[in-house]
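Chain letters run A, B, ... following the sequence lines, proteins first, then strands; residues in each count from 1.
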Amino acid sequence: MVTGGVTKFAKAHPAMDFRLMVKRAYDYAVKGIPNLTKDRIDGTRISYFSDHFSRQLKAASMVQDYLGLNPKGSVRIEWGGATGGECFQAAYEAVASGRMDVCLAAGYETMSRVATWKGNEFIALASDTNFDFPLGGFYTGYYALMVVRHIYEYLRLTRFAHVQDEREAQRLAIQEGSRIMSMVSVKNHRNALHNPYAQYPKRLTVQDVLNSEMISYPLTREQICTMSDGAAVAFLCSESVAREFTDRPVLVKGVGCGTDTMRLADRPFGKVPLMPNESARDYAHLPYPGVHSFRAGRAAGLEAYRMAGITDPNRELDFIELHDAYASSEIQTYEDLGLCRYGEGYGFVERGDPFLRGIDYGFPTPHAGAIPVNPSGGLIACGHPVGATGLMQGVFAFWQLQGTVPQHFGDPALQLKDPKRGAIHSHAGTGSSVTVSILERGFR
Amino acid sequence: MKARPPTLTKFRDVQAELARSGAALFRDPDGVESLVVRYPYAIEYIHSYAEDSPFFLGLAEGRLRGSRCTKSGCGCVYATPRSHCMECGSPTEWVDLPKAGKLHSWTTCHFGSEAFLKETPYNLALVEFDGVNSLLLVRLKDARESDLYVGMPVEARFDPNPKYAVTDIWFVPK
Ligand SMILES: [Zn+2]
């Protein structure tokens, strides 16, 4: 990767249609790289999630022609919530296969063109329309079903094992889980105060998050990402030409993709696919993935780590930008990606591992800086214009590894000290598809 | 003849104006004006349940039917039907499922997609059945948020006036 650009994510950009948003991100990316001209681009991969949002089919063709890139090759990429992550990997594959030397990955979504609850309906149509959607199709409801079980497996049966009354034990466990999920929401909103691209930067307390509107029990409004308009682009090049454009390129060291059943109800109860540093004994009695964990995320992580030669992700990654559409799924994803063992996600937050050092979150974070997760603010605070989101993560990770966050954000607070390697993680509907890409600094 | 629709500076006001007159000018903080219009879209599908049809016909007769793999040595039983086994690829046969099970997980939705907003709050539940390998997603009625817990016994109810949809079945606490 040699450069990238992002528009500010916003509730609505009525003055820009999707073509102009992509153009703005594109212009930002090529600014200051005089030899990255149109004729150097061999082709494009363009992503957006839903035709419903713009009521324009084959909209990617309109992006291609607005950028003046015809007659170069192009493909539209769509893979639910993981659309942006898939687009990044599609561009990687175009280059890695030798087909292209320079590939533009561009993504966007304009979700403001329908009312919020209609938008929720469009998203819910990405669940089984015979068996799931007619029951009250609502993604927050699906993730609530998953986290209630996650809390049952990992808090009810551990911290509250001593409580005899079953209802009371589960009530206490959900209370505890909600408090810890709120810490994640505080973290991501707080980090975003230093990210000018973020849609909802704010200083919150755990109590603020808990007191915000209940959307689907136990998930509250501040634990959930929102609808956004936005675009992002990333330029991927072969190693042979990358240095013609920048002396600070970032290497794509590994890519992984995993899938799972569309319906939550069909998820199996089998064995955990193990990280190199885990043992079958760790999970002797854990039915997996059930609805509590994302097998697709584990599969994507394993593939990407294998390719990048990573055996202990917690030690070998310096940060992760992951798909926190819900505070719950951020915690579930720590475990899928092997940042901690299954069942340790809540303790991982309480110890402070995924927090940034030097930022005051309003509660103690003794391990802060161990492995910062969503230093940018993630989806919860930056917004989630679906087709752009995975590419936005790619751009933020790229700037981290380049050490150029202060210049792009106009604020040095989120720049990690000398990061060598990071991961980006993109996730679709209830974990039905997930991508993980490993990015590494490509210069001394 | 009206040449220009009203100019508004709050995007949520635009939505109200569209409902009223069908067009509005939105002026953003930089003074850029965008013309926003109503743009309706409705479709009616000719939807076939195809190989899943017996499940929906079963609901109309008060039967809850799942799928059992016909391969000896596999025999996976699916609460949400599928005409071929996910594990081994063999055809499945229809089996009657128990009409009672336990909550595997649950939630109460206080908001929902536009189509379901008027039904809020409603409970969604994943139900597990003895001897069945997968779950069934259902509405859970006659129960408040504070009543519900993982492991709660529940039983099926069927709509006496079937609509041939998955909502023809729901569960209640047993
Ligand atoms: Zn089978």
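Atom CG of B/L136 is separated from atom CZ of A/R263 by 9.5 Å, given to the nearest 0.5 angstrom. Between A/L219 atom CG and B/H110 atom NE2 the span is 10.5 Å, to the nearest 0.5 Å. In this structure, the separation between CD on B/E114 and NZ on A/K118 is 4.0 Å, given to the nearest 0.5 Å. Atom-to-atom distance recorded for A/Y152:OH and B/L103:CG is 11.0 Å, nearest 0.5 angstrom. Distance CG/B/L137 to CZ/A/F131: 11.0 Å, rounded to 0.5 Å. Residue B/Y149 holds its OH atom at 5.0 Å from CZ of A/R167, rounded to the nearest 0.5 Å.
For the options B/S105, B/P121, B/G151, heavy-atom pairs under 4.5 Å to chain A are most numerous at B/S105. Comparing B/N123, B/T108, B/L35, B/D28 by how many heavy-atom pairs each has under 4.5 Å with chain A, the most go to B/T108. Among the candidates B/V14, B/D30, B/L117, B/N133, the residue making the largest number of heavy-atom pairs closer than 4.5 Å to chain A is B/L117. Most heavy-atom pairs under 4.5 Å with chain A, from the set B/R27, B/E128, B/E145: that is B/E145. Note: A/E213 leads A/E213, A/R267, A/R156 in heavy-atom pairs under 4.5 Å with chain B. The residue among B/E119, B/R139, B/E33, B/H104 with the most heavy atom pairs within less than 4.5 Å of chain A is B/H104. Note: A/L135 leads A/L135, A/V148, A/I123 in heavy-atom pairs under 4.5 Å with chain B. Heavy-atom pairs under 4.5 Å with chain B peak, among A/N120, A/I215, A/V147, at A/I215. When the candidates A/T129, A/V291, A/L145, A/T140 are compared by the number of heavy-atom contacts under 4.5 Å with chain B, A/L145 comes out ahead. When each of A/P14, A/G141, A/A144 is checked for heavy-atom pairs under 4.5 Å with chain B, A/P14 comes out on top.
Within the 4.5 angstrom heavy-atom criterion, only backbone atoms of B/V138 (N, CA, C, O) approach chain A. For a residue to count as touching a neighbouring chain, one of its non-hydrogen atoms must lie under 4.5 Å from one of that chain's; by this rule B/D52 touches chain A with the side chain only. A/A15 touches chain B through backbone and side chain together, each having a heavy atom under 4.5 Å away. Only the side chain of B/Q15 comes within contact range of chain A, with heavy atoms under 4.5 Å apart. Neither the backbone nor the side chain of B/T120 comes within less than 4.5 Å of any heavy atom in chain A. With a 4.5 angstrom heavy-atom cutoff, A/S112 touches chain B via backbone and side-chain atoms both. When heavy atoms are compared at a cutoff of 4.5 Å, A/Y139 does not approach chain B at all. Both the backbone and the side chain of A/A115 come within less than 4.5 Å of a heavy atom in chain B. Contacts between A/R149 and chain B at a heavy-atom distance below 4.5 Å involve backbone atoms as well as side-chain atoms. If you measure heavy-atom distances from B/A115 to chain A, the contacts under 4.5 Å come from both the backbone and the side chain. Residue B/Y78 does not touch chain A at all, counting heavy-atom pairs closer than 4.5 Å. Both the backbone and the side chain of B/V150 come within contact range of chain A, each with at least one heavy atom under 4.5 Å from a heavy atom of that chain.
Taking 4.5 Å as the heavy-atom cut-off, the residues of residues 81-89 of chain B that approach chain A are B/P81, B/R82, B/M86, ordered by number.
Taking all atoms of both residues into account, the shortest heavy-atom contact from B/P40 to A/R55 is O-NH1, 3.0 Å. The two residues B/C109 and A/S216 come nearest to each other via the heavy atoms SG-OG, 3.4 Å. Residues A/W117 and B/F111 share a closest heavy-atom pair of CZ2-CD2, 3.3 Å. Nearest approach of B/F116 to A/F133, heavy atoms of both residues: CZ-O, 3.2 Å. Counting all heavy atoms, side chain and backbone alike, A/P134 lies closest to B/V166 at CB-CG1, 3.8 Å. Here the closest heavy-atom approach between residue A/A265 and residue B/S134 is recorded as O-CB, 3.4 Å.
When the shell of 6.0 Å around NZ of B/K71 is examined, it contains 12 or fewer heavy atoms from other residues, nucleotides or ligands. By the neighbour-count criterion of 12 heavy atoms within 6.0 Å, atom NZ of A/K271 is sparsely surrounded, having that number or fewer from other residues, nucleotides or ligands. Within a 6.0 Å radius of CD1 in B/I46, other residues, nucleotides and ligands contribute 12 heavy atoms or fewer. Within 6.0 Å of NZ on B/K102 lie no more than 12 heavy atoms contributed by other residues, nucleotides or ligands. Applying the 6.0 Å contact sphere to OH of B/Y164 captures no more than 12 heavy atoms from other residues, nucleotides or ligands. Crowding of A/D165 atom CG: a count of heavy atoms from other residues, nucleotides or ligands under 6.0 Å exceeding 12. In the displayed structure, A/H162 atom NE2 is contacted under 6.0 Å by more than 12 heavy atoms of other residues, nucleotides or ligands.
Centroid-to-centroid, the aromatic rings of A/H13 and B/F11 stay 6.0 Å apart or farther.
Side-chain contact between A/V114 and B/Y39 is absent, with no heavy-atom pair separated by less than 4.5 Å. Using a 4.5 Å heavy-atom threshold, the side chains of A/Y142 and B/T107 count as separate.
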Q: Test ring pair (Phe, Tyr, Trp, His ring centres under 6.0 Å) on A/Y217 and B/W106 and set out the steps.
A: CA-CA 9 Å; A/Y217 184 84; B/W106 62 274; 5.4 Å; yes

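In summary, the side chains of B/H47 and A/N130 do present a donor paired with an acceptor at a separation below 3.5 Å, with no hydrogens or angles considered.
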Side-chain donor-acceptor distances from residues 173-180 of chain A under 3.5 Å, at least two apart:
residue, atom, partner, partner atom, Å
A/E176, OE2, A/R159, NH1, 2.7
A/S178, OG, A/I174, O, 2.8
A/R179, NH2, A/E350, OE2, 2.7

